[in-house]
Amino acid sequence: MFLTSKRMFFHSSTVSRYVEVVRGLACEILGVMAKGIGVPPSLFTTLLTDHDSDSLFRLNHYPLVTDTSSSSSFHHGNAPIGFGEHSDPQILTLLTSNGVPGLQILLGNGVWVPVNSDPKAFCVIVGDLLQVMTNGRFKSVRHRAMANTSSRECRLSMVFFGGPPPQTIITCPPQLLKPNKPPLYKPFTWAEYKSHTYAHRLGETRLDHFKLP
Ligand SMILES: O=C(O)CCC(=O)C(=O)O
Ligand SMILES: [Fe+2]
């Protein structure tokens with residue numbers, strides 16, 4: 001299923017099928033990531049395949065912005081922002097778009113970098129929970145979407161957020177802890193993290209609240 005702005009018709013069964021296929025892809029990617037750091041793939045994948053997995057599918061629509069004056073929208077320098085800076089709270093995000101650019105990620109040196117907007121590619125984003133479960137081995141990336149000011153068509157993005165069941169205790173497995181690598185975060189449930197997230201502003205670094213001293 002590719003996105004085109006001309007035909008924005010989504011049948012619920014198509015969306016359900018799409019979500020299941022993308023969930024499978026997210027599990028494959030998580031499996032490879034788990035192997036890479038020496039933990040069983042099921043540690044992550046079962047959270048997404050569980051019947052109560054709190055995963056989410058979101059369709060973002062960025063209409064063409066012609067009035068870019070600073071009074072009309074949020075700005076970064078001269079560029080209006082479509083979706084403000086944040087990290088995704090879940091485990092793993094898979095994002096695709098209709099090919100109109102806009103997504104940017106923040107590098108460690110503070111530079112915002114545009115992400116290739118190939119409509120046939122997925123952008124894989126590490127979420128906050130995966131950062132905690134790997135004790136910081138994988139980092140949740142801060143990202144944002146610029147408003148769509150240059151393309152003649154609207155921008156659409158389709159985003160799958162893989163999340164665990166609400167009562168899952170989010171913590172780092174003992175295999176990843178060493179005397180010189182103690183846990184960075186205190187354990188919490190996904191339900192707790194979600195309520196913390198929704199009680200704070202989008203751009204806040206929410207994981208700081210769960211950091212161990
Ligand atoms: O539309 C985009 O490219 C970014 C959307 C996003 O970051 C989100 O929905 O969490
Ligand atoms: Fe996001």
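Order of listing sets the numbers, starting from 1, for every ligand and every atom in it.
Shortest contact from atom 8 (C) of ligand 1 to any protein heavy atom: Arg58 NH1, 3.2 Å. In terms of protein heavy atoms, atom 2 (C) of ligand 1 is closest to Tyr62 OH, 3.3 Å. Looking at atom 5 (C) of ligand 1, its nearest protein heavy atom turns out to be Asn60 ND2, 3.3 Å.
Only the side chain of His143 comes within 4.0 Å of ligand 1, counting heavy atoms alone; its backbone N, CA, C and O stay farther away. Contacts between Ile125 and ligand 1 below 4.0 angstrom, taking non-hydrogen atoms only, are absent altogether. For Asp88, every heavy-atom contact with ligand 1 shorter than 4.0 Å involves the side chain, none the backbone.
A salt bridge does not link Glu20 with Arg17: every distance from a Lys NZ or Arg NE/NH1/NH2 to an Asp or Glu carboxylate oxygen is 4.0 Å or more.
Of all N/O/S atoms in Asp88, OD1 sits nearest the Fe ion (ligand 2). Per residue His143, closest N, O or S atom to the Fe ion (ligand 2): atom name NE2.
Atom numbering of ligand 1 starts at 1 in the shown order; those under 4.0 Å from a heavy atom of His86 are 6 (C), 7 (O), 8 (C), 10 (O). Listed by number with element, the atoms of ligand 1 under 4.0 angstrom from any heavy atom of Phe161 are 8 (C), 9 (O), 10 (O).
In this structure, Arg155 has a heavy atom closer than 4.0 Å to ligand 1.
No continuous path of hydrophobic side-chain contacts links Val115 to Leu106 [ILVMFWY only; heavy atoms under 4.5 Å]. By the rule that hydrophobic residues join a cluster once side-chain heavy atoms approach within less than 4.5 Å of another member, Ile125 and Phe161 end up as members of one cluster. Placement of Leu92 and Leu95 in two distinct hydrophobic clusters is found when ILVMFWY residues are connected by side-chain heavy-atom separations under 4.5 Å, directly or transitively.
By the 30° and 60° cut-offs, the orientation of the rings of His209 relative to His196 is parallel.
Ring pair Phe210/Phe188: centre-to-centre distance below 6.0 Å.
Listed for the Thr134 side chain is a donor-acceptor partner under 3.5 Å among the backbone atoms of Phe138.
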- Could you check Tyr18 against Phe57 for ring-ring contact (aromatic ring centres under 6.0 Å, His included), going step by step and ending with a plain yes or no? CA-CA 10 Å; Tyr18 175 83; Phe57 174 69; 5.8 Å; yes
